Amino acid sequence: MPKVLVSDPIDQVGIDILSQVATVDVKTTLSPEELIQVLPEYDAIMIRSGTKLTKEAVEAGKNLKIIGRAGVGVDNVDVPTATRMGIVVVNSPEGNTIAAAEHTIAMMMSLSRFIPAANASLKGGKWDRKSFTGVEVYKKTLGILGLGKIGSHVASVAKALGMRIFAYDPFLTTERAEKLGVNLVELEILLREADYITLHLPKTKDTHHLINADRITIMKDGVRIINCARGGIIDEVAIAEAIKSGKVAGIALDVFENEPLEAESGLRELGANVILTPHLGASTEEAQTNVAVDVAEQIRDVLLGLPARSAVNIPGLRPDVWQKLKPYLQLAEMLGNLVGQLAGGRVDNLDVKLQGEIANSESQPVVVAALKGLLSPALRERVNFVNASIEAKERGIRVTETRDPSVEDYSGSIHLTAHGSQGQQSVTGALLGKSEIRITSINGFPINVAPTHYMLLTLHRDMPGIIGRIGSLLGNFNVNIASMQVGRRMVRGEAVMVLNIDDPLPSGLLDEIVHIQGVTDAFVVKL
Ligand SMILES: NC(=O)C1=CN([C@@H]2O[C@H](COP(=O)(O)OP(=O)(O)OC[C@H]3O[C@@H](n4cnc5c(N)ncnc54)[C@H](O)[C@@H]3O)[C@@H](O)[C@H]2O)C=CC1
Ligand SMILES: O=C(O)CCC(=O)C(=O)O
């Protein structure tokens, strides 16, 4: 059974799904050092925002196949390192959208009406009504930074509250904004016009301290700001200063530059107009069930050899597309492996031609599968669908893709040509029926071979006696031939022979075969 580590609190429903296929260890109090120590034991890890999978931690996960983030943001995972190591990273892009959007609205209303402070005052024994006169959101302008899934839901609820919505999102089309009834504007206009500003964008190099002292200066006096996205998008020092000066009338933060927020953080000292929650945006029963199921199912699938639907470091595949591509992925990988072994040395260029029903944009994984096959003799299990493209790039292998939708003999076929230090080799394969894979040509010689674990390939002159001599040699060495195919373009011209053999070739035998008169080359291929 594979082993899965759950290192943050995850809904039981997720643990139950993982337990169908793996031994699950729930350890939610590991220190960073303990995490690094235990990670090598695990095939998968499931986390929320609490666990930091730094470069060092990911590198410690030598056996990890998948990192599952039960939530949206993967900024607590070193994704480039995971990708290099061939670890698929998945998240739950929609499971907590509503929860985070509703928390944002709750924060906006709480800021407007001082609800947390009024509650604390009353519970503290007072009946103070004067200190908590609020403001209405009706007819105010809400500025949304990042109009993705959460930002869009916030926009539609805020519209129902009678607010005017401005949004800044450089990656969004005006058509989409119009559909949402939102004015898409430049950042500066939003900052000048908004009574409330709410952040719903990812934390990246570009969004670090997007809200800083300079940008606060151009905001309206008395603006209120909400951050339920990520700490670090707002400069906490600058915002605390702006609260103290009165420039900003209120802030509501669910996320912080350092989490957990330090006990001595100055933010804790600020008054009734500062609301802090400990990263609760996704903390609803519904969202926790959604993300636990979504991510646990993906971990289960990947451990069973199936694709993940929401991988952030490889293209996701819809189940119907996966079903259709699956035999082609197997075919491409086999052909990549075959052409790589025929090439024998360094490959500089790989031409991939996809023909027929797979000549479409959804077939990109087929190209990756060919690269995986090409690299697998050298890298073995270190190469997979996640890192094959990177590994190829790092080795300087250039890939040229061609797609031709016209159908010839087969409904779909794959042609690979490797150009390398020892010349050019090409192989073609296709599906017979829906899933039987066939090698249909080698270096332009037509054949029809069902690939097997061991194969002997010869390039020879088509003349009487050669096949018999090769067969006798194999017999002398007790190598059993399962089947044989010869391809030639003209009688007594050049030919290729593929022998499916049941046993590996004993050392020295290949040399003897190459020395048979009329044989120009011979290869053993092990798939
Ligand atoms: N507080 C919490 O517990 C939760 C926080 N989040 C965080 O909320 C944020 C938004 O999540 P979703 O809406 O699901 O993501 P999303 O990917 O659907 O939307 C993000 C939007 O930000 C936009 N964007 C990216 N860079 C930008 C930039 N430099 N300026 C302006 N817009 C930019 C994108 O175009 C996209 O439309 C993420 O950071 C996520 O981690 C998500 C769930 C719960
Ligand atoms: O795991 C959590 O509770 C936080 C959720 C979150 O921040 C996210 O999904 O990006």
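Remember, it's a predicted structure, so these values are computed and weren't measured experimentally. Just so you know, ligand 1 is whichever comes first in the structure, and atom 1 is the first atom listed for that ligand.
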Can you check whether [X] has an N/O within less than 3.5 Å of an N/O in ligand 1?
X      : value
Asp254 : yes
Leu145 : no
Asp75  : no

Look only at interatomic distance and state if [X] has a nitrogen or oxygen under 3.5 Å from any nitrogen or oxygen of ligand 2.
X      : value
Arg48  : yes
Ala282 : no
Val72  : yes

For this session: With heavy atoms of Gly73 as the reference, note each atom of ligand 1 found under 4.0 Å away.
Result: 41 (O)
Exercise. Hey, does Asp206 sit under 4.0 Å from ligand 1 if you only count heavy atoms?
Worked result: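 It does not; every heavy atom stays at 4.0 Å or beyond.
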Problem set entry | Shortest protein contact, atom 17 (O) of ligand 1 (heavy atom only) |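 Scanning the protein heavy atoms, the shortest distance from atom 17 (O) of ligand 1 goes to Lys149 NZ, 3.9 Å.
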For this session: Could you tell me the residue and atom name of the protein heavy atom closest to atom 7 (O) of ligand 2, and the distance to it rounded to 0.1 Å?
Result: His279 NE2, 2.6 Å
Exercise. Which residue from Arg48, Arg69, His200 reaches closest to atom 21 (C) of ligand 1 through any of its heavy atoms?
Worked result: His200
For this session: Salt-bridge test for Glu193 and Arg164: reply yes if a basic N is under 4.0 Å from a carboxylate O, no otherwise.
Result: yes
